[in-house]
Undergrad: 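Let me give you the structure first, and then I'll get to my questions.
Reminder, nothing fancy here: chain letters follow the sequence lines and each chain counts from 1. Worth saying up front: this structure is predicted, and the values here are computed from it rather than measured.
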There are 2 protein chains.
Amino acid sequence: MADTSTWALSAVSTTQANEHAPCEDDCGIRDVLDRLGDRWSVLVIVALAKGTRRFGELKAAVPGISQRMLTVTTKRLIRDGLVERTVYPMIPPQTDYRLTAMGESFSQAVADLADWSRRHKEAIALARLRFEVEHPGEL
Amino acid sequence: MADTSTWALSAVSTTQANEHAPCEDDCGIRDVLDRLGDRWSVLVIVALAKGTRRFGELKAAVPGISQRMLTVTTKRLIRDGLVERTVYPMIPPQTDYRLTAMGESFSQAVADLADWSRRHKEAIALARLRFEVEHPGEL
DNA sequence: CAGCATCCCGGCGGATACTG
DNA sequence: CAGTATCCGCCGGGATGCTG
């Protein structure tokens, strides 16, 4: 039994032609994960959770972000309806950013996630150490 | 007042030399966000939430993933202590993947997130439509 | 079946310069 | 101050081929 030549032909039936496999069922999660995925969205949300901020204040509140990524990120958040922008036409110009109702809600969800990571950060760090000794060099 | 030549010199005080700006305060969230960020981790977690799966079953359960990304993703999840792997040395070989206790906990957190996105997907879609008409072409 | 090794491309995001 | 425009390097991840 267990001839190595048999299972070579047992076709994998690779989910037969799924084109782009766009989830179909669940999704909508993708949009959320995309925001969570990029480097800055969450940080900006967290900063705005403390209240309305101007562009410069926001930049200062999110250490390391470039002006470009700040504009791009805020624009994406605005597009998704998480953030609102108010422009005061003065010299020098002023622009205020604040969370929308949905933004606040999202902020709460993020906070819950932060809670989870706080409760498990030691366990994760430990797991990584173990992995490093058992599989040195990998990843 | 409001002379346009004055504020040109008011140095931005660009968060003075933060090297890599590694958060310092919060963090641990970065690790979690990194898992949420990549394209497949969440999908694999969701698939494993339904129970133990073999490599091939997992591949079938996550439509669109390549064998390479499946190995890479599972390995990362194992490294972080979210997934366990059991190898049965037989011909043909068999490998089982299952969530750890922490993995189950994480799976729950993800489920909460999925809930949020389900409750707001319409609102997000609507916001995007509005944005598209008001700012055609951007993003 | 369950992987590892290699090649390669797209786009995310950093750095820099310019404008109202 | 609050952006916009441009250039560019890096790496996440797809496709393919080979092994135990």
Undergrad: Could you check how far CE of B/M90 sits from P of C/dA2, rounded to whole Å?
TA: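 After rounding, the gap between these two atoms is 11 Å.
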Undergrad: When the distance from CG of B/L70 to C1' of D/dT16 is rounded to whole Å, what number comes out?
TA: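 So the CG-C1' distance, B/L70 to D/dT16, works out to 17 Å.
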Undergrad: Listed by chain and number, what are the side chain to side chain contact (heavy atoms under 4.5 Å, CB included) partners of A/V87, not counting sequence neighbours?
TA: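 Checked A/V87 against side chain to side chain contact (heavy atoms under 4.5 Å, CB included); matches are A/R85, A/T95.
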Undergrad: Over how many whole Å does the gap from A/L139 atom CG to C/dA5 atom P extend?
TA: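 One finds 12 Å between P of C/dA5 and CG of A/L139, rounded.
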Undergrad: Does one hydrophobic cluster hold both A/L139 and B/V83, with members joined at side-chain heavy-atom distances below 4.5 Å?
TA: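 Same cluster.
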Undergrad: Test of understanding: with side-chain hydrogen bond (donor to acceptor under 3.5 Å, both in side chains), list the residues that count as partners of A/E134, not counting sequence neighbours.
TA: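 Partners of A/E134 under the side-chain hydrogen bond (donor to acceptor under 3.5 Å, both in side chains) test: A/R130.
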Undergrad: So what does B/Y97 touch, heavy atoms closer than 4.0 Å: a base, only the sugar-phosphate, or nothing?
TA: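 Sugar-phosphate, backbone atoms only, no base.
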Undergrad: Over how many whole Å does the gap from B/D96 atom CG to C/dA2 atom P extend?
TA: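 Between P of C/dA2 and CG of B/D96: 9 Å.
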Undergrad: Between C/dA2, C/dC4, C/dG20, spot the one nearest the side chain of B/F55, thanks.
TA: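 In terms of side-chain proximity for B/F55, the closest of C/dA2, C/dC4, C/dG20 is C/dA2.
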Undergrad: Taking the basic N atoms (NZ, or NE/NH1/NH2) and the acidic carboxylate oxygens, is any pair closer than 4.0 Å for A/R53 and A/D96?
TA: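 Looking at A/R53 and A/D96, the cut-off is not met.
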Undergrad: Checking side chain to side chain contact (heavy atoms under 4.5 Å, CB included) for the pair B/L99/B/L82: CA distance, chi angles, key distance, verdict?
TA: CA-CA 6 Å; B/L99 293 181; B/L82 298 172; 5.6 Å; no
Undergrad: Between B/Q94 (CD) and C/dG3 (P), how many Å, whole number?
TA: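 Between P of C/dG3 and CD of B/Q94: 11 Å.
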Undergrad: Please report, rounded to the nearest Å, how far the C1' atom of D/dG20 is from the CD1 atom of B/I91.
TA: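 Interatomic distance, CD1 of B/I91 to C1' of D/dG20: 7 Å.
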Undergrad: Do A/T71 and A/F55 come close enough that some side-chain heavy atom pair is under 4.5 Å?
TA: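 In short, these two side chains touch, coming nearer than 4.5 Å.
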Undergrad: Considering only side-chain heavy atoms of A/R54, which listed nucleotide, D/dG3, D/dA2, C/dC1, is closest?
TA: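 The answer is D/dA2.
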Undergrad: Can you sort out the partners of A/E57 under salt bridge (charged side-chain N to carboxylate O under 4.0 Å, His left out), two or more places apart, ordered by chain and number?
TA: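 A/E57: no salt bridge (charged side-chain N to carboxylate O under 4.0 Å, His left out) contacts found.
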Undergrad: At less than 4.0 Å, is any side-chain N or O atom of B/T95 found next to OP1 or OP2 of C/dC1? Yes or no.
TA: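 Negative; the distance criterion is not met.
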Undergrad: Would you tell me if any nitrogen or oxygen in the side chain of B/K75 comes within less than 4.0 Å of OP1 or OP2 on C/dC4?
TA: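 True: B/K75 side-chain N/O within range (under 4.0 Å) of C/dC4 OP1/OP2.
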Undergrad: Suppose we screen for side-chain hydrogen bond (donor to acceptor under 3.5 Å, both in side chains). Which residues come up paired with B/D115, at least two apart in sequence or across chains?
TA: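 Only B/R118 meet the side-chain hydrogen bond (donor to acceptor under 3.5 Å, both in side chains) criterion with B/D115.
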Undergrad: With the threshold set at 4.0 Å, does a side-chain nitrogen-carboxylate oxygen contact exist between A/R76 and A/D38?
TA: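 Yes, charged N to carboxylate O under 4.0 Å.
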Undergrad: Rounding to 10 degrees, work out the angle separating the end axes of the helix from C/dC1-D/dG20 to C/dG20-D/dC1 (five pairs an end).
TA: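 Axis-to-axis angle, ends of the helix: 40°.
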Undergrad: Could you state the atom-to-atom distance from CG of B/L33 to P of D/dG12 in whole Å?
TA: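 Distance check: B/L33 CG to D/dG12 P gives 15 Å.
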Undergrad: Could you encode protein contacts along nucleotides 8-15 of chain C as a string, one character per nucleotide from 5' to 3', using B for base contact, S for sugar-phosphate-only contact and - for no contact, with a heavy-atom cut-off of under 4.0 Å?
TA: -----BBB
